[in-house]
Amino acid sequence: MNPIIPQGGYFLMADTSSIVIDESITNSDDPRDVRVNEFLTKTVGVTGIPTSGFYSPHNTHLSDNMLRYAYCKTDDEIAAAAERLLILQKL
């Protein structure tokens with residue numbers, strides 16, 4: 001995932017377009033951002049916030065490759081999440 005570094009706040013956005021998901025463990029009727037989030041939760045144990053819910057139905061496709069992450073966490077929690085995300089390199 002490629003982060004989009006914010007200038008401030010408690011969230012960052014990540015471009016998930018490089019992630020190939022195992023569709024067999026997600027609900028294919030959901031928007032892609034929801035499916036990617038479900039895949040990441042189940043396979044690496046890191047959960048983001050799908051952004052499609054912030055869009056009108058007509059524009060949901062604009063969020064297909066974006067997930068939102070809260071980083072108002074302890075340094076240890078962020079380090080643990082970063083370590084788990086390294087699993088993506090092996091998939």
Side-chain angles (χ1 to χ4, degrees):
M1 280 189 292
N2 295 316
I4 299 168
I5 310 294
Q7 293 181 349
Y10 296 102
F11 298 95
L12 65 83
M13 299 293 287
D15 176 354
T16 63
S17 60
S18 64
I19 297 175
V20 178
I21 59 175
D22 179 353
E23 296 284 353
S24 69
I25 64 171
T26 66
N27 181 352
S28 63
D29 292 333
D30 288 333
R32 184 179 188 280
D33 64 326
V34 174
R35 295 192 323 267
V36 170
N37 193 55
E38 183 177 2
F39 172 76
L40 291 174
T41 300
K42 290 178 178 179
T43 59
V44 300
V46 175
T47 302
I49 302 164
T51 58
S52 56
F54 296 107
Y55 289 81
S56 66
H58 178 72
N59 291 316
T60 300
H61 68 281
L62 297 172
S63 66
D64 280 353
N65 296 313
M66 301 301 293
L67 282 177
R68 185 178 185 204
Y69 286 93
Y71 60 90
C72 49
K73 307 287 183 188
T74 66
D75 289 345
D76 289 342
E77 289 171 316
I78 291 173
E83 185 69 28
R84 288 192 300 265
L85 286 169
L86 290 175
I87 295 169
L88 290 174
Q89 295 175 341
K90 300 174 186 175
L91 299 178

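- Between Cys72 and Tyr10, the shortest heavy-atom distance links the atoms CB-CD2, 3.6 Å.
- Both Ile78 and Leu88 are part of a single hydrophobic cluster, where members link through side-chain heavy atoms under 4.5 Å apart.
- Smallest separation of non-hydrogen atoms from Leu62 and Tyr55: CB-CE2, 3.7 Å.
- Here the shortest heavy-atom pairing between Ser52 and Pro31 reads OG-CG, 3.8 Å.
- Residues Thr51 and Met13 come closest through the heavy atom pair CG2-CE, 3.5 Å.
- The structure places CD1 of Ile4 at 12.5 Å from CZ of Arg68, a figure rounded to the nearest 0.5 Å.
- The 12-atom threshold is not exceeded at CD of Glu83, counting heavy atoms of other residues, nucleotides or ligands nearer than 6.0 Å.
- No single ILVMFWY cluster, assembled from side-chain heavy atoms under 4.5 Å apart, contains both Met66 and Phe54.
- Residues Ile21 and Glu38 have side chains not in contact (no heavy-atom distance under 4.5 Å, counting atoms from C-beta outward).
- The shortest distance between side-chain heavy atoms of Pro6 and Tyr71 falls below 4.5 Å.
- Of the candidates Leu67, Leu85, Asn37, Leu85 is the only one forming a side-chain contact (heavy atoms from CB on, under 4.5 Å) with Val46.
- For the pair Gly48 and Tyr69, the tightest heavy-atom approach, listed with the atom from each and the gap, is CA-CE2, 3.4 Å.
- Although no hydrogens or angles enter the test, the distance criterion places no donor-acceptor pair under 3.5 Å between the side chain of Asn2 and the main chain of Asp15.
- Distance check: Ile87 CD1 to Leu40 CG gives 10.5 Å after rounding to the nearest 0.5 Å.
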### Message
side chain to side chain contact (heavy atoms under 4.5 Å, CB included) for Thr16 and Arg32? Distances and angles first, verdict last.
### Response
CA-CA 10 Å; Thr16 63; Arg32 184 179 188 280; 3.4 Å; yes
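- When the shell of 6.0 Å around CG of Asp75 is examined, it contains 12 or fewer heavy atoms from other residues, nucleotides or ligands.
- Considering every non-hydrogen atom in both Pro3 and Leu12, the closest pair reads CB-CD1, 4.2 Å.
- Met1 and Val34 fall into different hydrophobic clusters, where Ile, Leu, Val, Met, Phe, Trp and Tyr residues are linked whenever their side-chain heavy atoms come under 4.5 Å apart, directly or through other members.
- A distance of 10.0 Å separates CD in Glu23 from CG in Asn27, rounded to the nearest 0.5 Å.
- Residues Asp22 and Ser24 bring a donor and an acceptor atom of their side chains to less than 3.5 Å of each other.
- A side-chain N or O of Thr41 and one of Thr47 form a donor-acceptor pair less than 3.5 Å apart.
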#### Entry: side-chain hydrogen bond (donor to acceptor under 3.5 Å, both in side chains) evaluation trace for Thr74 with Asp76
CA-CA 5 Å; Thr74 66; Asp76 289 342; 5.3 Å; no
